[in-house]
Structures are given as C-alpha cells and as structure tokens.
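First the structure, in the form of structure tokens, and then the observations on it.
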Amino acid sequence: MAADAQHAAAGVAPANDCGLLYHLVPAPAWAACKAEARPYFPPTYAADGFIHLTKEAGLLLGVANHCYKGSPEPFLLLEIDSTRLAAKVG
C-alpha cells in the first residue's frame, strides 16, 4: 500500500507533503549502499546533520557544476516522495 494510502486509511496526514524532492548522489556510493543493504548518508551528513534536498530539479545542474564538476564519478539523481520520509523536512 502506498504511503499516502496508508496515512489516509489511518486517518492521519503524512509528516511531510512537500511533493517530490531531489538529491544528487555519487553512483558508486549509492551502489555500495544498495549492495550492502545499508542506508545512504552523504559525506556532508556528519558535519551538516541533514541531507541536502531540493524541490526544484532545475537547480541541480548548477549545483552539480558548482560542487561536483571536478569529480570523475558519475552521479545519480534521486527522486524522493516526501510523504514517505519519517524525518521532518524543513
């Protein structure tokens, strides 16, 4: 059952309803997490305490060029359904 259907059936609103959110992730890091069945945390998580997301997919090319232009790794774009997140989006 989809998260929104689960919330509706329980009579509660999801903790977040921001629509789709986007995150850039190095493909090798994502593949390693999937292969090891462990959660993904970006390298900046320990320092920042959160995962950088955006609602504006059109901003990501500029972010990628600014932050990752020198990286030899390919990147993936994650599309995240905000209603499925347990943590509050702020």
Side-chain angles (χ1 to χ4, degrees):
M1 179 181 291
D4 55 346
Q6 290 173 338
H7 288 108
V12 296
N16 300 292
D17 194 2
C18 308
L20 292 175
L21 300 171
Y22 303 95
H23 177 73
L24 290 170
V25 58
W30 184 254
C33 288
K34 287 187 72 167
E36 298 166 15
R38 61 179 169 83
Y40 166 78
F41 291 94
T44 58
Y45 185 80
D48 296 344
F50 62 91
I51 297 174
H52 293 267
L53 302 170
T54 183
K55 290 172 55 172
E56 304 294 331
L59 297 176
L60 291 170
L61 181 58
V63 170
N65 282 329
H66 178 75
C67 298
Y68 308 118
K69 191 172 185 174
S71 176
E73 305 177 309
F75 277 74
L76 300 174
L77 174 61
L78 302 184
E79 184 179 81
I80 302 163
D81 176 354
S82 65
T83 64
R84 300 195 62 193
L85 298 175
K88 179 79 175 122
V89 175

Flag yes if F41 and Y22 sit in one hydrophobic cluster, no otherwise; membership is Ile, Leu, Val, Met, Phe, Trp, Tyr, and two members link when side-chain heavy atoms are under 4.5 Å apart. no
Under the salt bridge (Lys or Arg N to Asp or Glu O under 4.0 Å) test, which residues partner E79, sequence neighbours left out? none
Treating D48 as the side-chain partner and F50 as the backbone partner, does any N or O pair qualify as donor plus acceptor under 3.5 Å? no
Smallest heavy-atom separation, G19 atom then S82 atom, equals O-OG, 2.8 Å
Between L24 and V63, which heavy-atom pair has the shortest distance, and what is it? CD1-CG1, 4.4 Å
Minimum heavy-atom separation for H52 to H23, with atom names? O-ND1, 2.7 Å
Taking every heavy atom of C33 against every heavy atom of Y40, the minimum-distance pair comes out as SG-CA, 3.7 Å
K55 side chain reached by L21 side chain, heavy atoms, under 4.5 Å: yes
Are L78 and L85 connected into the same hydrophobic cluster when the rule is that any two of I, L, V, M, F, W, Y join if their side-chain heavy atoms are below 4.5 Å apart? yes
Any link between V25 and Y68 through a network of hydrophobic side chains (Ile, Leu, Val, Met, Phe, Trp, Tyr) touching at under 4.5 Å? no
Same cluster for I80 and L76 if Ile/Leu/Val/Met/Phe/Trp/Tyr side chains link at under 4.5 Å? yes
Tell me the closest heavy-atom pair linking E56 and T54, and the distance in Å. N-OG1, 3.0 Å
